[in-house]
Amino acid sequence: MSDVDLIIIGAGPAGMSAAATAARGGLKVLLLDEQGHPGGQIYRNVAKNGTSRSWLGKEYASGARLVEALDNPHISTQFGATVWRLDDGPTVVWSKSGTSQISTARHVLITSGAQERPVPFPGWTLPGVMPAGAAQILMKSAGMLPRDAVLAGSGPLLYLVAAQMIDAGCPPKAVVETQTPRMMLNALPHLPKALLGISTLFKGLGLIRKIKAAGVQRYSNASDFRAHPNEDGTLAFSFQAKGKETHLNCALLLSHQGVIPSTHMTRSAGIAHEWNEAQQAFQPVTDDWGTTDRTGLHVAGDSAGIGGADAAAAAGELAALNILQLCGCLNSDTRNQRAAKARAGLLRARSLRPFLDAAYAPTAETLAPVDETIVCRCEEITAGDVRQSMSEGATGQRQMKTSLRTGMGPCQGRMCDATVRAILCAPRNTATDSIAPPRARAPIKPVTLAELAALSKIQAGAD
Amino acid sequence: MKVVSRFQPPPESGPKVQFVFEDEQITAPQGISLAAALLAHSGNATRRTSTGAQRTAYCMMGVCFECLVDVDGVPNTQSCMTVVRDGMVVKRQIGLRTIQGGDYV
C-alpha cells in the first residue's frame, strides 16, 4: 500500500500545475520541494512578494495563481525537502532538517526544472562573478538589486534581467552579448513556426526596446571573456567586440548562456536519456504525456527539455491527466478531451523555442573554454587538464572522473558535466551523442553518515 | 580589506534578525537566505577552496555548493539553502570539511 497516489518532485510551474490537476481529479498528492516556498526559480517567492517588487513584471506575478491552486485538501506539501534517492516501486527518499524519510506512491512525477548552463571563462570563479539568474533570484527572494553590474552572454533571460533592473531603478552598466549574426541567420528558418508564439516574441522585442531606451551601453558579437580581480575587490572584465579589446570595471559580472535540464534525478533513477542537439543538453526520453521507460516514473516541464514556464505548466497538466487515467480515475477518451487545451497551450509555448535555441545558442568558447579556465569548480580542474587527460587516452566522462576527479566534488558534476562533455566532443566533430550521459548515483545531494544511519534504524523498526 | 557589497541593500522595512559572521554582528531582513544576507553585508569571499582560492555564493539555488559556510559549528552548510536566523554563528569555510564529532571520533 502506497503512502500517496502521486509524489511530485519540484514545485515550479510544471509541479504546481500537475499537483492541482491530479488533486482535482481525486488523487492524493505529496508535493516536495527543496526551497522554502512554492514557485520554483521562475516564480520564486511569488506568493510572498504579492504586489510588492512590481518591477519583476506581470509575467512573474502571474505565477501566483499556480500557487493558489495548491490550496486543496488532497495536496500535502513539504518544503525544504531535498530528494536524494529515487527507486523503482516507486520509492522516494528525501531529507528535511537533517532527517531522511522514505515515501512511496503509485506514481512519481519529476518536475525538477532547469539550471543555468555553466559559463566557464578565465576568472569565472572570482567573487563578483555570478549567473544572471542568480542575481534575479536575489531580486525575487530578498529584494536585493545588483550594483555596478555588467550583464554578459546571451539568451532571453539576459534581456529580462536587464529590463527588471531598469524598472527597479538600477540599470546594468552594460549588456555584452555573445550571439553572432550567423546565429540569427540560422534562427530565421524557424521564424514562421514561431509566429504561433508571436505574443512572446513581441514581449522579447519589448525588453530589447526598454534596454535601448534606457541608454544602456550594448556590445554585440563579443568573445574572449576574461575577469581579473582589482585591488578594491571589483572586477576588470575584458572581451573582444568587433575585433577590438574592450575593458569594463564592475562590482558584479552577471553571465548567462541559457538553461539546461536538471537531470541528476532522472539519470540516477535509470531513465533513458537522449542528446538534444539544438539545446546542447541531455534530456530524459519521454512520450507526449511525460511517461518514461521506468514504470511509474514520469517527467514534465524543463527537466524534460527546455520549454519555459508556460510550456512547463501545460506539460505538468498533461502528465497529471495521464496519471489520473493510469490510476483509473479517467478513461482515455476523457483524458484526451480534457488534454486538448493544455496540448494547444504546449504547442503555442514551444513554437518559439527552435528560434530561440538557434538565435541564442551557447558560444563555442562557453562550451569548450580555453585551457587556463577552471572547468570543475569544486575540484579546481582546468580545461587544459581535461585536454591533457584526453591526449593520454581518456575518451569518456568516467575516465575523466577517474584520472582528474571532475564531477566528484559536492556539486556532483552539475557545474562541469556539460563542459567536460563538450571538450571531449570538440575534436571529433561528429554526432555528439556518441558519448553517453555521465552516471548519476544516489545520494544525488550530499547526506551525512549520521542521517543515513538514522534511516537504517527507521527501516529496521518498520520490519 | 573589506569589499563593499555588490548589491544595494534590501529595503529597510519589515522584521529583522541578528547573526554573527566572523565575530561581526550583522542585521538582516527576516526570511532571506543566509547567502543573501552575507552578499548584502560585503563583497568579500565567504569560503576558501583547498588551494586557498576565494569563492562566494554563485548559483543561489542549491546547485553549485560554492556558498558553503560553517553554521553553528556545522561545516559544509549551503548558505543559499539556509534561512538566516536570529543568533546564528557563521564562519567562513576554509578548505575542505574535516571529519569531526560523533561517538567514535
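In what follows, every chain begins at residue 1, and chains take the letters A, B, ... in the order their sequences are listed.
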Can you tell me which portion of A:Glu34 sits under 4.5 Å from chain B's heavy atoms? Options are side chain, backbone, both or neither. both
With a 4.5 angstrom heavy-atom cut-off, is it the side chain or the backbone of B:Gln78 that approaches chain A, or both, or neither? neither
Of the listed A:Ala142, A:Gly143, A:Gly409, A:Pro410, the one with the largest count of heavy-atom pairs under 4.5 Å with chain B is A:Pro410
Hey, are the side chains of B:Arg55 and A:Arg377 touching, using non-hydrogen atoms and a 4.5 Å cut-off? yes
Please rank A:Arg44, A:Glu380, A:Arg414 by heavy-atom pairs under 4.5 Å with chain B and give me the top one. A:Glu380
Heavy-atom cut-off 4.5 Å, strictly under: side chain, backbone, both or neither for A:Ser52 against chain B? neither
Check each atom of B:Val83 against the heavy atoms of chain A and say whether the ones under 4.5 Å are side chain, backbone, both or neither. neither
Measure the spacing between CE of B:Met61 and CD of A:Gln35 and express it to the nearest 0.5 Å. 8.0 Å
May I ask you to test the B:Arg6-A:Pro127 pair for a side-chain heavy-atom distance under 4.5 Å? yes
Portion of A:Thr234 that has a non-hydrogen atom of chain B nearer than 4.5 angstrom: backbone
Can A:Met139 and B:Phe7 be said to form a side chain to side chain contact (heavy atoms under 4.5 Å, CB included), step by step? CA-CA 10 Å; A:Met139 292 163 78; B:Phe7 291 85; over 6 Å; no
Against chain B, label A:Met130 side chain, backbone, both or neither, depending on which of its atoms sit under 4.5 Å from a heavy atom there. both
Under a 4.5 Å heavy-atom cut-off, does chain B meet the side chain of A:Leu145, its backbone, both or neither? both
Hey, which residues of residues 21-37 of chain B are touching chain A, say heavy atoms under 4.5 Å apart? B:Ile32, B:Ala36
Quick check: do B:Cys59 and A:Gln115 have side-chain heavy atoms less than 4.5 Å from each other? no
What is the minimum heavy-atom distance between A:Arg147 and B:Ser5, and which atoms define it? NH2-O, 2.6 Å
Of the backbone (N, CA, C, O) and the side chain (C-beta and beyond), which part of A:Glu379 lies under 4.5 Å from a heavy atom of chain B, both, or neither? neither
Interchain contact, A:Leu254 with chain B, by part (heavy-atom threshold 4.5 Å): neither
Per-residue contacts, residues 38-51 of chain B versus chain A, heavy atoms under 4.5 Å: B:Leu39, B:Ala40, B:Gly43, B:Ala45, B:Thr49, B:Ser50, B:Thr51
Largest heavy-atom contact set with chain B, pairs under 4.5 Å, which of A:Gly80, A:Pro131, A:Ala251: A:Pro131
Ranked by heavy-atom pairs below 4.5 Å to chain B, first place among A:Val129, A:Asp148, A:Leu252 goes to A:Leu252
Select one option (side chain, backbone, both, neither) describing which atoms of A:Thr125 are under 4.5 Å from chain B's heavy atoms. both
CZ-CE distance between B:Phe65 and A:Met415, expressed to the nearest 0.5 angstrom: 11.5 Å
